[in-house]
2 protein chains.
Amino acid sequence: MSIRARREREYQRRNQLILDTARRLAEAEGWHAVTTRRLAEEIEYSQPVLYSHFHGKEAIVGAVALKGFEELTGTLRAARKSADDPTAALRAVIETYLDFAGANPALYSAMFELSTPLAFASAETPGPLIETFGELIAAVVAVAPAGDAELAAEVIWGALHGMVVLERSGRLRPALMRERVDLLLARFAPEG
Amino acid sequence: MSIRARREREYQRRNQLILDTARRLAEAEGWHAVTTRRLAEEIEYSQPVLYSHFHGKEAIVGAVALKGFEELTGTLRAARKSADDPTAALRAVIETYLDFAGANPALYSAMFELSTPLAFASAETPGPLIETFGELIAAVVAVAPAGDAELAAEVIWGALHGMVVLERSGRLRPALMRERVDLLLARFAPEG
DNA sequence: GTGGATATCTAGCGACACTAGCAATCCTGT
DNA sequence: ACAGGATTGCTAGTGTCGCTAGATATCCAC
């Protein structure tokens, strides 16, 4: 009885070890450095052990990404709720989003760029993904005309994501991100 | 003398054959299907021949992408110049950009998502890349306040690119792209 | 015609994600 | 206490990837 429980605890512990190691490796050396061999070596188990935890490499990336959505949702919510007025809240959410992307490039990449088993816009979309977008919508509804909130949130999200990846690949001038945010806010929350 | 010229023509012909085949394969089956073995088989030469034309697979993807920038610049320019007024021109450029991304998903991916040797925002940035962004700026200057044009172009480009990749991965509702474009235009060219 | 340059191929390297099949370990039922 | 079966993890492989060394065939200049 308790033996099974201990086994289960050890399994979960190792599960977390795999995810933590994958994320740490990815942030330190990029996802290309996260190979099954390297991962197995780092956790001090053999390669096949990984497959008793996850269906494959994509599933590992997906699990890391899911954790990222939970973290992002939390920071976005905190930023939104600690703001004084709707416009400040939208600004806080936008800046928090960009800070998150800047501070966790590999994690952000797993969430939005890499191929993972995570389903979007479907019935099986995991909760954390919906909640993340929900935070953005919540910040937008307060400044957008009624009915347009979700649409405006999609456009703003697109602009944020687009600016992140275009800047990351050297296609935008990094020093001007602040100005771009100001411009975006001026267009979508003009009264602020 | 003319023998060397014939050789050179054949080399250029084969160069084009490699690029055309890579692009066709990528659009038909995705870039993951474009392996050096498959590419060699399709052009009916051995693998090493590819390396006498390009430094590696990334260089092939980069060459395909470069052609894409030339094409995109051309279609954007045509769309912009055939519009009646500045706002219509911006709308035409935006819709053309999105149509291009939708019609050539693999090519677009090579241009903006995949890792290639193409340098951005640097002294060695190839002309076609600069020209493409130049077309977008040209469309924006006519509707944006003086001094803000380039910044606004970056934000709009970010929104376009973000919406393309987010929609492509199922993160946005495809049917509403038209509405998102309308909203974007309403915010950046309100007088239209 | 022959020697040297050029063009192309066969064969193979190391690394990749992933897996079959075996060995050791552990828990259960008697 | 201990045999039998399930579980757990390993070794050793498969097939594929990008890429390349070295051999071979072809071609042109003298």
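So that the names make sense, note that chain A is the first sequence line, chain B the second, and so on, each numbered from 1. What you see is a predicted model, and the numbers here were worked out from it, not measured in a lab.
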Nearest-Å distance for atom pair [atom1]/[atom2], residues [X] and [N]:
{"X": "B:His55", "N": "D:dG18", "atom1": "NE2", "atom2": "P", "value": "18 Å"}
{"X": "A:Glu10", "N": "D:dG9", "atom1": "CD", "atom2": "P", "value": "9 Å"}
{"X": "A:Leu50", "N": "D:dT11", "atom1": "CG", "atom2": "P", "value": "14 Å"}
{"X": "A:Glu41", "N": "C:dC16", "atom1": "CD", "atom2": "P", "value": "11 Å"}
{"X": "A:Phe54", "N": "C:dT19", "atom1": "CZ", "atom2": "C1'", "value": "18 Å"}
{"X": "A:Tyr51", "N": "C:dA20", "atom1": "OH", "atom2": "C1'", "value": "14 Å"}
{"X": "A:Glu8", "N": "C:dC27", "atom1": "CD", "atom2": "C1'", "value": "16 Å"}
{"X": "A:Gln12", "N": "D:dT8", "atom1": "CD", "atom2": "P", "value": "13 Å"}

- Query: Would a line drawn from the ring center of B:His161 to the ring center of B:Tyr108 be shorter than 6.0 Å?
  - Reply: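 Yes.
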- For residues A:Phe69 and A:Phe133, establish whether the separation of their ring centroids is below 6.0 Å. no
- Residue-level proximity of residues 56-65 of chain B to DNA chain D when a heavy atom falls under 4.0 Å: B:Gly56, B:Lys57
- Looking at residues at least two apart in the chain, or sitting in another chain, which of them share a side-chain hydrogen bond (donor to acceptor under 3.5 Å, both in side chains) with A:Glu10?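 If we apply the side-chain hydrogen bond (donor to acceptor under 3.5 Å, both in side chains) test to A:Glu10, skipping adjacent residues, the hits are A:Arg6.
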- Task: Report the residues that fulfil side chain to side chain contact (heavy atoms under 4.5 Å, CB included) with A:Ala26, sequence neighbours left out, ordered by chain and then residue number.
- Result: A:Trp31, A:Val34, A:Ala106
- Test A:Glu8 against A:Gln12 for side-chain hydrogen bond (donor to acceptor under 3.5 Å, both in side chains), laying out the working first. CA-CA 6 Å; A:Glu8 175 63 20; A:Gln12 292 302 337; 2.9 Å; yes
- Nucleic acid contacts of residues 23-37 of chain A, taken as heavy-atom distances under 4.0 Å to DNA chain C: A:Val34, A:Thr35, A:Thr36, A:Arg37
- Quick one: do A:Thr36 and A:Gln47 satisfy side-chain hydrogen bond (donor to acceptor under 3.5 Å, both in side chains)? Show the steps, please. CA-CA 6 Å; A:Thr36 55; A:Gln47 267 182 293; 2.7 Å; yes
- Are the side chain of A:Asn104 and the backbone of A:Phe100 linked by a donor-acceptor contact shorter than 3.5 Å? yes
Between the protein and nucleotides 8-11 of chain C, list the N/O to N/O atom pairs that are separated by less than 3.5 angstrom.
residue : atom : partner : partner atom : Å
C:dT8   : OP1  : B:Arg14 : NH1          : 3.4
C:dT8   : OP2  : B:Arg14 : NH1          : 3.1
C:dT8   : OP2  : B:Arg14 : NH2          : 3.0
C:dC9   : OP2  : B:Ser46 : N            : 3.0
C:dC9   : OP2  : B:Ser46 : OG           : 2.7

If you look only at distance, which donor and acceptor atoms sit under 3.5 Å apart when one is on a side chain in residues 139-154 of chain A and the other is two or more places apart or in another chain?
residue  : atom : partner  : partner atom : Å
A:Glu154 : OE1  : B:Arg180 : NH1          : 2.5
A:Glu154 : OE2  : B:Arg173 : NE           : 2.8
A:Glu154 : OE2  : B:Arg173 : NH2          : 3.0

- Steps toward side-chain hydrogen bond (donor to acceptor under 3.5 Å, both in side chains) verdict (B:Thr75, B:Thr96): CA-CA 7 Å; B:Thr75 57; B:Thr96 301; over 6 Å; no
- Message: Checking A:Leu183 against A:Glu179 for the side chain to side chain contact (heavy atoms under 4.5 Å, CB included) test, could you report, in this order, the C-alpha distance in whole Å, the side-chain angles of both residues, the deciding distance, and whether it holds?
- Response: CA-CA 6 Å; A:Leu183 183 60; A:Glu179 279 82 349; over 6 Å; no
- Task: Could you please spell out the steps behind the side chain to side chain contact (heavy atoms under 4.5 Å, CB included) verdict for A:Lys67 and A:Met111?
- Result: CA-CA 9 Å; A:Lys67 180 76 179 347; A:Met111 294 162 66; over 6 Å; no
